[in-house]
2 protein chains.
Amino acid sequence: MSPPEGRLPNITVTQLEYLEAVGATPTWSEAASQLGVTISALSQGLAELERRVGLPLFERQGRRRRPTPAAEVVRTHAATVLASTRDVARWARATRQGHDGGLRVGMIDAAAIHHFPDALARFRSERPDVDLRLRVAPSGALLDELSRAELDIVVCVDPGDDDRLDRRALLEEELHVYAPGDLVARPPHDRPGPWVTFPEGSHTRAIIAAALAARGDDFEVVAESNQPEVLREMVRVGMGWSVLPTWVVAQADPGPPLRAEATPLAVRPLVAVRRAGALYHPGAEALFEVLATATAGTDQ
Amino acid sequence: MSPPEGRLPNITVTQLEYLEAVGATPTWSEAASQLGVTISALSQGLAELERRVGLPLFERQGRRRRPTPAAEVVRTHAATVLASTRDVARWARATRQGHDGGLRVGMIDAAAIHHFPDALARFRSERPDVDLRLRVAPSGALLDELSRAELDIVVCVDPGDDDRLDRRALLEEELHVYAPGDLVARPPHDRPGPWVTFPEGSHTRAIIAAALAARGDDFEVVAESNQPEVLREMVRVGMGWSVLPTWVVAQADPGPPLRAEATPLAVRPLVAVRRAGALYHPGAEALFEVLATATAGTDQ
DNA sequence: CCCCATTGTTCAGCATTACTGAAGGAAATG
DNA sequence: CATTTCCTTCAGTAATGCTGAACAATGGGG
């Protein structure tokens, strides 16, 4: 039906690295110096890549070059190949040195400090052989790093369906609307707000924005932070309203209590994610088991 | 946490092709001639690959070489990279020529001739723009071709969970035990058999073997075929018993009727499968919709 | 046991490829 | 108009990949 028909274009890892670099960098010069090659090499390498793919990947716009739609396809390919190559390289280095290279785990703050600190501790005591490295960051950053094979497993807000990800549900956090203490009594015809919330681009913010829009509320944002504790304190000092997981507020330190709406505004599903097709890592599988049992039956 | 740390090893597509070829071929000489290079080139190329990975991939055994466990890891990587590269190459060629390259569909016989001929016809009339190519073969062969990016979408027996596959359930076929007409009256303490069934390696055969083992029956096989119609006829002529989807027998042509056990022995789940991370193909998505609606509510 | 065909390695030589550095063109900036 | 920035092109060089031939090791057959 579709015999391999001759040999494949010898698209090199180097060329794909070039493509990734220019995609992540404003100018080619900068990309070149980050890669440690001359602009000349970069330019020629990308020209060669275009030739091998057989389609124009960049068009001139003034003195810069801008990727064509075709480049997007090849960039996706590059991401796949580079991630897999990084995996293999890391695995080979670790194997040479006789260990497994450690397990690089990414978690959002909620997971690291609230839901899974005990699970992590248990994992470390059960599997002292695994060299665990934890990175805490927002979901988006973690997923980026996962896709570049810089992390092995990530616990974050569900990013939704994606071919390249292997997702497993862990739990759902209820998100409640919190009002500054002195505003709780606002008559019901007043709309809530303004809001303090997560920065633009945050997965949780997207969930919140959608839920507020669905019930017809404005979403004027007057302050932003990725740290839920910071948001909680801003509400406390009267900056505005916020939507937070309940545990952030329950984790009460002294100060005036916040008032919440009784019913949750939305839920935030947390999932464990790996790259689809990632190298088998025994530690990753074991960690997932621990996370799954830690949440068994205990949503929230 | 894990900065890209320098550049990646420049493992080339060519080297990975060499690795794939020697894995699929008894001797390197043969692999070399299939690839259209000298053994010398193959040997040097694989040596270079070993150097770049940094681990021995082959050990000497007599005058042949046999892959180490490490090679298996790199072979998995090779499969990923080569499949993606084939996808890009094919897409690029199609794009240059101004079409989408066609939609290469694989189906097992049951899907092609029984469950989905109407769906296929409907798809062709709804989407005359899509150049549909159909290949009918057993599940295993189709999945191999899918993994090599020689097919875009496959309808086959559910191969089970796999990172690299994007599976969607379509329907479940009931498999019933059929006895030759003259043996139906065998007293119940006699065990059924001997059997005519699908060849070793068939997914369906595995399902049948497991179900028979579970109820304690022997599974002595006296005749094999991949074609269910052939199996049905063999039962008719008294070669033995078989386990078949009901439609094969219902599709009655003249001849003595077969007697079936009343309750199904097992079910055979059929799924639509694509490679995870495959290039977006609008036709594939559309076809899946048609298949899904064709089966909506109509299991069996 | 020796012969010998087969398999894979190594080496020298050649062709191709990838890179540097210098020169140059073309757009933005002032 | 001069200047800077950005990228391309070109020439030369280093690295890489391939062929063909010589060679070593193995296993099968007389």
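Lettering follows sequence order; numbering is per chain, from 1.
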Just by distance, do the side chain of B:D218 and the backbone of B:E220 share a donor-acceptor pair under 3.5 Å?
no

Between C:dT10 atom C1' and B:L42 atom CG, what is the distance in whole Å?
15 Å

For B:Q15 and D:dT16, give me the distance from atom CD to atom P, rounded to whole Å.
11 Å

When the distance from CD1 of B:I11 to P of D:dG17 is rounded to whole Å, what number comes out?
12 Å

Between CD of A:E17 and P of C:dC19 the distance, given in whole Å, is 10 Å

Residue B:A41, side-chain atoms from C-beta onward, closest of D:dC18, C:dG8, C:dC19:
D:dC18

Side chain B:Q44 and base D:dT16 donor-acceptor under 3.5 Å
no

From the list C:dT9, D:dC7, D:dT19, which nucleotide is the closest neighbour of the side chain of A:T27?
D:dC7

Please report the distance, rounded to the nearest Å, between CG in B:L16 and P in D:dG17.
12 Å

So do B:N226 and B:P199 actually touch side chain to side chain, heavy atoms under 4.5 Å?
yes

Atom CD1 of B:I39 and atom P of C:dC11 are separated, to the nearest Å, by 17 Å

Under a 3.5 Å distance rule, please check whether B:T25 uses its side chain to pair with a backbone N or O of B:T27 as donor and acceptor.
no

Kindly say if B:R60 contacts the phosphate of D:dT26, meaning a side-chain N or O under 4.0 Å from OP1 or OP2.
no

When only distance counts, do a donor and an acceptor, one from the side chain of B:S40 and one from the base of D:dG20, lie under 3.5 Å apart?
yes

For C:dG8 and B:Y18 - does any side-chain N or O of the residue sit under 4.0 Å from the phosphate oxygens OP1/OP2?
no

Could you tell me how far apart B:L35 (CG) and D:dC18 (C1') are, to the nearest whole angstrom?
13 Å

Less than 4.0 angstrom between a side-chain N/O of B:S43 and OP1 or OP2 of C:dG8, yes or no?
no

For the rings on A:W28 and A:F58, is their centre-to-centre separation under 6.0 Å?
yes

Side chain of A:R65 only, heavy atoms from C-beta on: which candidate in D:dT8, C:dA18, C:dG8 is closest?
D:dT8

I need the CG-C1' distance between B:L46 and C:dT9, as an integer number of Å.
12 Å

Check: B:T80/B:R164 side-chain N/O donor and acceptor closer than 3.5 Å:
yes

Under 4.0 Å: is that the gap between some side-chain N or O of B:T38 and OP1 or OP2 of D:dG20?
no

Across the strands shown, which category fits B:E30 at heavy-atom distances under 4.0 angstrom: base, sugar-phosphate, nothing?
nothing

Base, sugar-phosphate alone, or nothing: which one does A:R52 contact when heavy atoms must sit under 4.0 Å apart?
sugar-phosphate

